[in-house]
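Note that the numbering runs from 1 along the sequence shown for the chain. Given the structure is predicted, the values throughout are model-derived calculations rather than measurements.
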Amino acid sequence: MRKLAFRYRRVKEIYNTYKNNVGGLLGPAKREAWLQLRAEIEALTDSWLTLALKALTLIHSRTNCVNILVTTTQLIPALAKVLLYGLGVVFPIENIYSATKIGKESCFERIVQRFGRKVVYVVVGDGVEEEQGAKKHSMPFWRITSHSDLMALHHALELEYL
């Protein structure tokens, strides 16, 4: 357990050090390739990532609001993805949950235990598992299956409906 605790402290240290500067972690050559790849992804997805980041940044900028990520990806690869997509600034490492071994339902329960029941939660996702978990905990669910869904979410956040 000590070895595991040390490993996760080190992972947290690396995450927090590079969440605002992934290029520093990659080095100059890989940084350029990574930036080129991100630009290509943005072009091919009609700026999906930029729009998602705008919505997440709106939430992150509000007092008493946090972004929480629940993923079925294992924790370390999930953290790497968050950093590579430039989302480290809106997801503190403490708010990233891996449902690989315990399932999303258990993650939702842990989140409710951590933040309490008198909090407003909004579950954003594209799957049945997220929707069922949200329903079980009486949380509103915002389905994202297309670019227009993401635009609608951003618009609702801008108008402070959420």
Side-chain angles (χ1 to χ4, degrees), residues 8 11-12 15-23 34-35 37-162:
Y8 282 102
V11 167
K12 181 178 180 178
Y15 183 91
N16 288 330
T17 300
Y18 293 104
K19 67 182 181 182
N20 296 314
N21 179 22
V22 180
W34 168 67
L35 288 172
L37 179 61
R38 289 244 337 240
E40 290 173 22
I41 290 171
E42 283 291 276
L44 292 171
T45 61
D46 198 21
S47 300
W48 178 278
L49 181 59
T50 299
L51 190 54
L53 189 55
K54 282 182 183 179
L56 292 165
T57 301
L58 270 172
I59 296 164
H60 185 71
S61 69
R62 295 177 179 173
T63 56
N64 300 324
C65 290
V66 295
N67 292 310
I68 300 170
L69 176 68
V70 178
T71 179
T72 53
T73 303
Q74 291 182 354
L75 186 60
I76 301 302
L79 295 173
K81 284 181 183 180
V82 168
L83 290 177
L84 289 170
Y85 282 119
L87 301 174
V89 294
V90 293
F91 285 110
I93 194 169
E94 296 84 8
N95 293 353
I96 300 174
Y97 293 79
S98 172
T100 302
K101 293 182 181 174
I102 62 172
K104 288 190 178 179
E105 177 59 36
S106 293
C107 287
F108 284 162
E109 289 172 8
R110 288 181 183 192
I111 291 164
V112 170
Q113 284 177 348
R114 180 176 167 202
F115 291 100
R117 297 208 177 273
K118 295 181 179 181
V119 175
V120 176
Y121 297 94
V122 177
V123 178
V124 177
D126 66 350
V128 175
E129 196 176 2
E130 295 99 350
E131 189 170 13
Q132 288 173 342
K135 194 175 205 176
K136 183 176 180 184
H137 292 283
S138 302
M139 299 174 185
F141 179 73
W142 194 290
R143 181 175 300 282
I144 303 284
T145 56
S146 67
H147 194 269
S148 60
D149 295 335
L150 192 54
M151 287 176 42
L153 173 63
H154 181 258
H155 190 65
L157 288 165
E158 276 187 325
L159 296 177
E160 297 187 5
Y161 291 140
L162 297 175

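- Separation of atoms CD (E158) and CG (L153) is listed at 10.5 Å; rounding is to 0.5 Å.
- Shortest non-hydrogen contact noted between V82 and Y15 is CG1-OH, 3.3 Å.
- Residues H60 and V89 form no side-chain contact, since every pair of their non-hydrogen atoms from C-beta on lies 4.5 Å or further apart.
- With W34 contributing its side chain and L84 its backbone, the two residues share a donor-acceptor pair below 3.5 Å.
- Distance CG/L69 to SG/C107: 9.5 Å, rounded to 0.5 Å.
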query: Please walk me through it: do L56 and F91 pass side chain to side chain contact (heavy atoms under 4.5 Å, CB included)?
result: CA-CA 9 Å; L56 292 165; F91 285 110; 3.8 Å; yes
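- Side-chain contact between L75 and I96 is present, with heavy atoms from C-beta onward closer than 4.5 Å.
- Between S98 and Q74, the closest heavy-atom pair is OG-CA, 3.6 Å.
- Side-chain contact between F115 and Y121: present, with at least one pair of heavy atoms (C-beta onward) separated by less than 4.5 Å.
- Residue L87 holds its CG atom at 12.0 Å from NZ of K81, rounded to the nearest 0.5 Å.
- Here the side chains of N16 and I93 are in contact, with some heavy-atom distance below 4.5 Å.
- Two residues are said to be in side-chain contact when any heavy atoms from C-beta on lie closer than 4.5 Å; I111 and V70 meet this criterion.
- Rounded to the nearest 0.5 Å, atoms NE2 (H155) and CE (M151) are 9.5 Å apart.
- Separation of atoms CG (D126) and CZ (F141) is listed at 7.0 Å; rounding is to 0.5 Å.
- Note on E94 versus K12: salt bridge recorded, some NZ/NE/NH1/NH2 to OD/OE distance being below 4.0 Å.
- Contact record, L162 with R62: O-NH1, 2.5 Å, taken as the closest heavy-atom pair.
- The distance from atom CD1 of I68 to atom CZ of R110, rounded to the nearest 0.5 Å, is 13.5 Å.
- The two residues I76 and Y8 make their nearest non-hydrogen contact at CD1-CE2, 4.0 Å.
- Here the shortest heavy-atom pairing between L83 and V22 reads O-CG2, 3.0 Å.
- Listed for the T100 side chain is a donor-acceptor partner under 3.5 Å among the backbone atoms of T72.
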task: Test E109 against I102 for side chain to side chain contact (heavy atoms under 4.5 Å, CB included), laying out the working first.
output: CA-CA 11 Å; E109 289 172 8; I102 62 172; over 6 Å; no
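- Between H137 and V112, the closest heavy-atom pair is ND1-CG2, 4.2 Å.
- Of the residues E129, Q132, E130, the one that meets the side chain to side chain donor-acceptor pair (under 3.5 Å) test with K104 is E130.
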